[in-house]
2 protein chains.
Amino acid sequence: MDNAEQKSPQRRRTSARATVTIRDVARHAGVSVATVSRALRGSDLVHPATRERVDAAIEELRFTPSQLGRSLAERRHAANGIVFPDLSGPYYADVVLGYEEVAATLGRSVLILSTHNRESADEMVLELAGRVDGLAVFGRTVHDDVVAEIVQRGVPVVLMARTEIEGADSVRTENVAAAASVVEHLLADGHRRMSFVGDPSDSTDVAERWAGFRGALAQSGAEVPERTIPAGFKEDDGARVAADLVADGLPDVVVCANDELALGLSVALAEQGVQVPGDVAVTGWDDVMAARYAGLTTVRQPMREMGGRAARMLDARISGDRSEPRHDVLTTQLVVRHSCGPHPKEAHR
Amino acid sequence: MDNAEQKSPQRRRTSARATVTIRDVARHAGVSVATVSRALRGSDLVHPATRERVDAAIEELRFTPSQLGRSLAERRHAANGIVFPDLSGPYYADVVLGYEEVAATLGRSVLILSTHNRESADEMVLELAGRVDGLAVFGRTVHDDVVAEIVQRGVPVVLMARTEIEGADSVRTENVAAAASVVEHLLADGHRRMSFVGDPSDSTDVAERWAGFRGALAQSGAEVPERTIPAGFKEDDGARVAADLVADGLPDVVVCANDELALGLSVALAEQGVQVPGDVAVTGWDDVMAARYAGLTTVRQPMREMGGRAARMLDARISGDRSEPRHDVLTTQLVVRHSCGPHPKEAHR
DNA sequence: CCGGTTAATGTAACCGGTACCAAAGGAGAT
DNA sequence: ATCTCCTTTGGTACCGGTTACATTAACCGG
């Protein structure tokens, strides 16, 4: 016993930053570390009087249990990760919001990682996977084999807005039918020649929207464009497209892969003297806040719910759910505003 | 030696999820754990041939070092936290974006926590503080004494958009002069009776904007309202204010504490037949994307840079910088748009 | 052929918790 | 008074890495 005290030669305790450990508390309270641990966890195997002594020691030493030690012993991180291509724009923020909200409620911290277009993205994601109990991955941020590797390592993964991968849950929004409803609405308004702006190879979502767009046009007998007008997701990309459109001749409608694109396009068109919706109708996708103020016709997606659902799915897997992977599809909603032209309501009802 | 093998009775290894540890690798490569560790860290104290054997073993066993074990041994988390009142709205997302971008570059993971208005916010933040090497705290999300506690615990803290606290760095944006410039611009346009919407007790920023607003009005000799029209930060809050304004009589200008408020207010006014800027001018703050499309006069703040700077400050502290706390103030910029009335440029130039 | 270096590796003690198992002590039963 | 049984507590082996220190082997000049 005396020896034990000798062994830990208590460095100058003047006021140095000596992190307080559970052993310090135990010594101070005159009990064993096991008892302190039990008191911490609220076990009922501790005598009230003892618990009081321990609590007093904790208070006095200002002890805070190390999350690291705890996690290592419990073999769990109590944290989930979420991976994004990019956090800019209003779209992703909502997903994170929903995710964080639910995760926090479930007692899990949230680690975020935005891959931008860094080459090191794959490594960063793998590293992240080693710090969490579960991982939500948005879109095509990482290669399929990286996701497979993580799944294979035993870390639950849920994919968001991305094609399914063996062994992982997924949540996405409905695109095909929504695209069709956009087209149908436009057709009913008398529009015929439609272009689609966006790059289907960029994301599963865009690919599906393009497919739905083509399908609906084909079914109606209207002219189906052979290819999309390729573009990214930013306002700048929209502006660039505007120039080409004016040069090449305007269609009746430009259906855009997202709102930022559509908004950038509209502004650029206006600057070149093209009236929206007078000369050309424009639609977007996402229903971001700016779309409301710009009067943009668009498709609303429940981004926040998507995040929340991803967090819940992960929680279930981490908690031991071993059922077949789930693949949820959230419904979307056409929001008609001014940018697709005055709707002749009388014409169809 | 034979005994050692007995001791770890290798559970069914059919295909079970037996996490591979550094000791497995060591055994497999026929070296000690120290050597494996050295090989992992890229120490030059490992013979090339040995390194090769170790690498082969790592590859074969698909070994990934546990971040937990590593962090515990190294006594660092390699992660930073960022705390928000709420992640909704375009404003915070930008800060997180800037923060994450820089933190990732510096090799630190990012943990986010949104306190919403949960009662347990304080505990959650304290818990978070135990998982990170440094913490960025936005606005009045947590009480001063909680921040002080964290600082005192030795965790570097940087405050964003919040009054300074002993021992912590801070970054904020300039408010007083910006508010004055808004007022001056409006006065130059001939406006006189101005109201301010927002709750100064809500945030340091709002308090400073209100102060700058009053100061500039007082200096010009114009009438200074005694109190603000209290409101939160959401579009709904703006809509509620609109009703009161119409009932009580309109001023010439309504200066709002942020853009969402201003936008919600404008729409609600329009619905009640009040023209903006014809009957009343409206200004906001933040310059969110929707403000551009709504033509809202506002003040632009470098949110992204604020986040980035916070991340860099934290990094310096974590890396051992012991200099006096820094308090950075970022400059803001008045953005004049349609909502404050046609600017009679000729009048003053 | 030998003491002194230097390179390469092994041993084991941490890091800060959790939890299994054994042990001590008191109450109640016989 | 003795024997169970139950409550409470202590000792200690983990969790999975890092690293100080010891050890061994090879190489050097004299």
Side-chain angles (χ1 to χ4, degrees), chain A residues 1 3-4 7-9 11 17-54 57-58 61 63-78 127 130-131 133 153-154, chain B residues 1 3-4 7-9 11 17-54 57-58 61 63-78 127 130-131 133 153-154:
Chain A
M1 275 300 146
N3 262 342
K7 272 183 190 166
S8 52
R11 293 147 209 162
R17 164 121 17 269
T19 40
V20 181
T21 78
I22 199 172
R23 288 164 230 267
D24 297 324
V25 176
R27 197 174 317 136
H28 200 267
V31 297
S32 73
V33 291
T35 300
V36 178
S37 179
R38 278 189 284 256
L40 279 174
R41 330 268 345 237
S43 158
D44 51 358
L45 282 164
V46 186
H47 192 90
T50 311
R51 181 184 303 273
E52 225 165 278
R53 288 222 310 288
V54 172
I58 289 174
L61 297 174
F63 166 72
T64 334
S66 151
Q67 297 295 332
L68 278 175
R70 185 168 276 182
S71 290
L72 187 59
E74 289 180 345
R75 320 181 71 168
R76 64 188 224 110
H77 300 264
E127 209 267 353
R131 303 176 147 266
D133 299 320
R153 218 184 256 181
Chain B
M1 278 299 145
N3 261 341
K7 271 182 190 167
S8 52
R11 293 149 210 160
R17 164 112 27 262
T19 40
V20 181
T21 77
I22 199 172
R23 288 164 229 268
D24 298 324
V25 176
R27 197 174 317 137
H28 200 267
V31 298
S32 73
V33 291
T35 301
V36 177
S37 178
R38 281 189 281 258
L40 279 174
R41 327 275 336 246
S43 157
D44 51 358
L45 279 164
V46 185
H47 192 90
T50 311
R51 182 185 301 273
E52 225 165 278
R53 288 221 313 287
V54 172
I58 288 173
L61 297 175
F63 167 71
T64 333
S66 152
Q67 298 296 331
L68 277 175
R70 184 167 277 181
S71 289
L72 187 59
E74 289 180 343
R75 317 180 75 169
R76 62 186 225 111
H77 299 264
E127 210 268 352
R131 304 176 146 267
D133 299 319
R153 220 183 256 180

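Naming: A, B, ... by sequence-line order, numbering from 1 per chain. These numbers come from the heavy atoms of this one structure, side chains and all, not from hydrogens, waters or symmetry mates. Fair warning: this is a prediction, and the values are worked out from it, not measured in the lab.
- One interatomic measurement links the two molecules: CD1 of A/I22 to P of D/dT12, which rounds to 17 Å at whole-angstrom precision.
- Considering all non-hydrogen atoms of both residues, A/S66 and A/G69 come closest at OG-N, 3.0 Å.
- One atom, CG of A/L40, and another, C1' of C/dA19, lie 14 Å apart when rounded to the nearest Å.
- Positionally, the nearest nucleotide of DNA chain D for A/R51 lies more toward the 5' end than for the other of A/R51 and B/L68.
- The side chain of A/S32 sits closest to D/dG11 out of D/dG11, D/dT18, C/dT18.
- The CZ atom of B/R53 sits 11.5 Å away from the NE2 atom of B/H28 when rounded to the nearest 0.5 Å.
- Residue contacts for A/G130: at a heavy-atom cut-off of 4.0 Å it reaches no nucleic acid atom on any strand shown.
- Taken to the nearest 0.5 Å, the CZ atom of B/R153 stands 12.0 Å off from the OG1 atom of A/T19.
- Remark: B/E52 CD is loosely packed, at most 12 non-hydrogen atoms of other residues, nucleotides or ligands lying under 6.0 Å away.
- With rounding to whole Å, A/D44 atom CG is found 15 Å from D/dC6 atom P.
- For the atom pair CZ (A/R27) and OG (A/S32), the distance works out to 13.0 Å, reported to the nearest 0.5 Å.
- The rotation axes computed at either terminus of the helix from C/dC1-D/dG30 to C/dT30-D/dA1 lie 50° apart, taking five pairs at each end and rounding to 10 degrees.
- Out of D/dG16, C/dT11, C/dG17, the shortest distance to the side chain of A/R75 is found at D/dG16.
- Using a 4.0 Å heavy-atom cutoff across all strands shown, A/V46 reaches sugar-phosphate atoms only and no base atom.
- A straight line from CD of B/Q67 to C1' of D/dC15 spans 15 Å, rounded to a whole angstrom.
- For A/R41 and C/dG17, a side-chain-to-base donor-acceptor distance below 3.5 Å is absent, hydrogens and geometry of angles not being considered.
- When heavy atoms are screened at a 4.0 angstrom cut-off, A/T64 is found touching the sugar-phosphate backbone but no base atom.
- If you take CZ of A/R153 and C1' of D/dG16, they are 15 Å apart, rounded to a whole angstrom.
- Nearest nucleotide to the A/L72 side chain, out of D/dC15, C/dG17, D/dG10: D/dC15.
- Applying the 4.0 Å criterion to OP1 and OP2 of D/dG16, one finds that B/T19 has a side-chain N or O inside that range.
- Taking atom CG of A/L61 as the reference point, atom C1' of C/dG16 lies 15 Å away to the nearest angstrom.
- When every heavy atom of B/D44 is checked against every heavy atom of B/R51, the shortest pair comes out as CA-NH2, 4.3 Å.
- Counting only distance, with no hydrogens or angles, the side chain of A/H77 and the backbone of A/R131 share a donor-acceptor pair below 3.5 Å.
- Each of A/T35, A/V54, A/I58 was scored for a side chain to side chain contact (heavy atoms under 4.5 Å, CB included) with A/L40, with one residue passing: A/I58.
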Would you tabulate the pairs of protein nitrogen or oxygen atoms and nucleotide nitrogen or oxygen atoms of nucleotides 4-7 of chain C closer than 3.5 angstrom?
none

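- Between the CG atom in B/L45 and the OG1 atom in B/T50 there is a gap of 11.5 Å [rounded to 0.5 Å].
- A distance of 12.0 Å separates CG in B/L61 from CD1 in B/I22, rounded to the nearest 0.5 Å.
- Two residues, B/V31 and B/G69, neighbour DNA chain C, and the one matched to the more 5' nucleotide by heavy-atom proximity is B/V31.
- Distance CZ (A/R76) to C1' (D/dG16): 18 Å, rounded to an integer number of Å.
- Between B/G30 and B/A73, the residue anchored nearer the 5' end of DNA chain C, judged by the nucleotide with its closest heavy atom, is B/G30.
- Taking every side-chain heavy atom of B/R38 into account, D/dA20 is the closest of D/dG16, C/dG16, D/dA20.
- Following rounding to the nearest Å, A/R23 (CZ) and D/dA13 (P) show an atom-to-atom distance of 12 Å.
- An OP1 or OP2 oxygen of D/dT8 is reached within less than 4.0 angstrom by no side-chain nitrogen or oxygen of A/T35.
- Counting any heavy atom pair closer than 4.0 Å across all strands shown, A/V33 reaches a base atom.
- Between the side chain of A/R70 and the base of C/dG16, no donor-acceptor pair under 3.5 Å is found.
- The line from CG of A/L72 to CD of B/Q67 is 12.5 Å long, rounded to the nearest 0.5 Å.
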